[in-house]
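All values derive from a computational prediction rather than experimental measurement.
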Amino acid sequence: GYDAGRYATERLFVPARDGQSIPVTLAWRPDRARRDGQAPLWLQGYGAYGISMDPDFSANRLSLMDRGFVVGIAHVRGGAEMGEDWYEMGRGLHKPNTFNDFVDVAEALARLGWADPRRVFAVGGSAGGLLMGAVANQAPQLFRGMVLDVPFVDVLSTMLDDSIPLTTQEWSQWGDPRQQPVYEAMLAYSPYDNIRAMAYPAMLVTTGLWDGNVPYHEPVKYVARLRARKTDQQPLLLHVNLHAGHGGAAGRYEALDALALEFSFVIALAGLQDAVP
């Protein structure tokens, strides 16, 4: 029953605070969402390891677009969408560019009418979960809700522990915190270390008990500290899959169950739980 003619896509460029132009990919269903400042926005980001988030077709996203969401990908620095320099500008001591880019994109999409400012949702996993955690500390007022999948949120502790098998090879990506400038830079953005007594967006944080890349205790301790310090009454949900690793639930239907949990979280927050496609 899929009809490509029902949907539209667009690539645009958003100016970042330092003058760079950040590419953004958008998709939506024109009879359900318009550029009038009324549509909820699902905005995804990653920005690490030189991995490009190339736009591709996803039947799963149709569920959001059919309910009136605009779906977006912010191609922030740290990926390689704009070449090797794009990666280098979001790596090591330049990592804050990744976070600033995502904030600037979210603000611009609301300003340009692509999103209802009261219903902007952000999602990222692993290093993209680091992005979400950093942005939540930096600009929580921009987002109605966030999904952090297997998030790398305790950066400093992990990068200082060279007994963890992946740590030393990760120094080439994040930097070696045994060096004072790197330590200070990590401390300034590590999501766990910068949780403050303030209002945060609603959050769903997921992890897997058998995650060998980002051990489950990172998101668990992050949620514990956030619950202790945040001043709002927004939901902060933690889901630990006792059978999953870093890649999430194994199996076709188990993976769809996990995605349905995330979609239902933002659909309810957007007030669209009755908007059945």
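- Within a 6.0 Å radius of OH in Y49, other residues, nucleotides and ligands contribute more than 12 heavy atoms.
- Side-chain contact between D104 and P15 is absent, with no heavy atoms from C-beta onward closer than 4.5 Å.
- A donor-acceptor pair shorter than 3.5 Å cannot be found between the side chains of E254 and N241.
- Residues N137 and Y200 bring a donor and an acceptor atom of their side chains to less than 3.5 Å of each other.
- D176 has a carboxylate O that lies under 4.0 Å from a charged side-chain N of R178, or vice versa, which qualifies the two as a salt bridge.
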Does the pair S52 and D54 meet the rule for a side chain to side chain donor-acceptor pair (under 3.5 Å), with working shown? CA-CA 6 Å; S52 297; D54 296 326; 4.6 Å; no

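- With Y192 as the aromatic partner, K221 meets the cation-pi criteria of under 6.0 angstrom to the ring centre and within 45 degrees of the ring axis.
- Atom CG of L156 is separated from atom CG of L187 by 6.0 Å, given to the nearest 0.5 angstrom.
- For the pair R119 and L41, the minimum side-chain heavy-atom distance is 4.5 Å or more.
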Trace of the ring pair (Phe, Tyr, Trp, His ring centres under 6.0 Å) decision for F143 with F121: CA-CA 6 Å; F143 303 96; F121 301 91; 9.3 Å; no

Take F263 and F69, measure what ring pair (Phe, Tyr, Trp, His ring centres under 6.0 Å) needs, and give me the verdict at the end. CA-CA 11 Å; F263 280 11; F69 276 80; 8.3 Å; no

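- The cationic group of R91 lies under 6.0 Å from the six-membered ring centre of Y87 and within 45° of the ring axis, placing it in a cation-pi geometry.
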List the steps, then state whether side chain to side chain donor-acceptor pair (under 3.5 Å) holds for R77 with T98. CA-CA 5 Å; R77 281 174 282 186; T98 305; over 6 Å; no

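- Counting non-hydrogen atoms of neighbouring residues, nucleotides and ligands closer than 6.0 angstrom, the CD atom of Q141 exceeds 12 such neighbours.
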For M198 and K230: C-alpha separation, side-chain torsions, deciding distance, then whether side chain to side chain contact (heavy atoms under 4.5 Å, CB included) applies. CA-CA 5 Å; M198 63 181 184; K230 74 189 189 86; over 6 Å; no

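- Between P151 and Y222, every side-chain heavy-atom pair lies at or beyond the 4.5 Å cut-off.
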Mind running side chain to side chain contact (heavy atoms under 4.5 Å, CB included) on L43 and L109 for me, showing each step along the way? CA-CA 10 Å; L43 185 63; L109 292 177; 4.1 Å; yes

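- Annotation: Y216, atom OH; neighbour count of heavy atoms from other residues, nucleotides and ligands within 6.0 Å does not exceed 12.
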Run the side chain to side chain donor-acceptor pair (under 3.5 Å) check on N97 and Q20 step by step: do they pass? CA-CA 10 Å; N97 286 331; Q20 290 288 335; over 6 Å; no

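- Taking the six-membered ring where tryptophan is involved, the planes of Y7 and Y2 are essentially parallel, since the angle between them stays under 30° and well short of 60°.
- Side chains of T168 and D162: a donor-acceptor N/O pair is absent below 3.5 angstrom, by distance only.
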Working for salt bridge (Lys or Arg N to Asp or Glu O under 4.0 Å), residues R252 and D257: CA-CA 9 Å; R252 176 183 178 187; D257 284 343; over 6 Å; no

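- Going from atom CE of M65 over to atom CG of L62 covers 5.0 Å, rounded to the nearest 0.5 Å.
- R29 has a carboxylate O that lies under 4.0 Å from a charged side-chain N of D66, or vice versa, which qualifies the two as a salt bridge.
- At least one side-chain heavy atom of V103 sits under 4.5 Å from a side-chain heavy atom of R17.
- Rounding to the nearest 0.5 angstrom, the gap separating the CH2 atom in W42 from the CZ atom in R61 is 9.5 Å.
- I73 CD1 to Q44 CD: the interatomic distance, rounded to the nearest 0.5 Å, is 5.5 Å.
- Between R225 and D154 there is no salt bridge, since no side-chain N of the basic residue sits under 4.0 Å from a carboxylate O of the acidic one.
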Between L166 and N213, is the side chain to side chain contact (heavy atoms under 4.5 Å, CB included) condition met? List the steps. CA-CA 7 Å; L166 291 177; N213 290 34; 4.0 Å; yes

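- In the displayed structure, R118 atom CZ is contacted under 6.0 Å by at most 12 heavy atoms of other residues, nucleotides or ligands.
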Could you walk me through whether Q234 and R144 satisfy the side chain to side chain donor-acceptor pair (under 3.5 Å) test, starting with their C-alpha distance in whole Å, then the side-chain angles of each, then the deciding distance to 0.1 Å, before giving a yes or no? CA-CA 9 Å; Q234 298 294 336; R144 176 67 181 92; 2.9 Å; yes

